[in-house]
Amino acid sequence: GINAEYGVQWTGSNTHDNNNDGDAGQGTDGTDRHNLLQFNSLDENYPLKISQAEFWDGVESLTDPAASGEDIAVGLATSGFYCAKQETDQCPAKFTSSKKRKLNDELNNAPASYFGHVLKFTKKGTLLYMCSRNNNFSNRSQKGSLVVN
């Protein structure tokens with residue numbers, strides 16, 4: 001509900017060994033990556049641009065109080081490769097989305113694990129979220145929803 005707090009973080013791997021069983025996903029063999037992007041409908045497979053993702057307008061970070069909703073969305077979308085769009089108290093400028101190094105489209109150069117945020121919701125809404133890495137439109141789709149009321 002409103003003012004509820006929610007911790008979000010995840011762990012992946014740079015070196016898993018599944019004996020060639022389980023490497024059918026996208027990205028470099030032996031690695032697991034995750035991210036979280038908003039999208040419009042469970043029938044869709046494309047995320048919204050962060051500038052169009054309105055859910056984040058009603059979210060605050062207790063971990064990084066200076067972070068805007070857009071900063072939080074950038075961190076989640078990039079698995080922490082960029083910690084925010086703009087510099088904050090907890091995110092130095094060299095780790096923002098304006099830094100020169102580019103994120104690989106399969107998250108291969110993103111951290112395996114995401115440090116996360118403790119989030120506080122300030123308005124009602126539904127977040128439909130997806131992971132872009134393991135979403136190749138054939139046999140896999142990582143999607144979910146979070147309802148704040």
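Just so you know, these numbers use all the heavy atoms, side chains as well, and skip hydrogens, waters and symmetry mates.
Shown here for F81 and A110, the closest heavy-atom pair between the two residues is CD1-CA, 4.0 Å. When every heavy atom of G12 is checked against every heavy atom of S113, the shortest pair comes out as N-OG, 3.4 Å.
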Side-chain atoms of residues 116-127: list all donor-acceptor pairs with protein atoms under 3.5 Å, sequence neighbours left out, distances to 0.1 Å.
residue : atom : partner : partner atom : Å
H117    : ND1  : S61     : OG           : 2.7
T122    : OG1  : G58     : O            : 3.1

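In this structure, F95 is not a member of the same hydrophobic cluster as V74, with clusters built from ILVMFWY side-chain heavy atoms closer than 4.5 Å. In this structure, F115 is a member of the same hydrophobic cluster as I72, with clusters built from ILVMFWY side-chain heavy atoms closer than 4.5 Å. L107 and L37 are not part of a single hydrophobic cluster, where members link through side-chain heavy atoms under 4.5 Å apart. In this structure, L62 is not a member of the same hydrophobic cluster as Y6, with clusters built from ILVMFWY side-chain heavy atoms closer than 4.5 Å. Put simply, Y46 and W56 are part of two different groups of oily side chains (I, L, V, M, F, W, Y) that touch within less than 4.5 Å, one to the next.
Contact annotation: the side chain of L36 approaches that of W10 to within less than 4.5 Å [non-hydrogen atoms, C-beta and beyond]. For the pair N14 and R33, the minimum side-chain heavy-atom distance is below 4.5 Å. M130 has its side chain within reach of F39: a pair of non-hydrogen atoms, C-beta onward, lies under 4.5 Å apart. The shortest distance between side-chain heavy atoms of F55 and V148 falls below 4.5 Å.
N35 and S132 are linked by a side-chain donor-acceptor pair at a separation below 3.5 angstrom, with hydrogens and angles left out of the test. In summary, the side chains of N45 and K143 do present a donor paired with an acceptor at a separation below 3.5 Å, with no hydrogens or angles considered.
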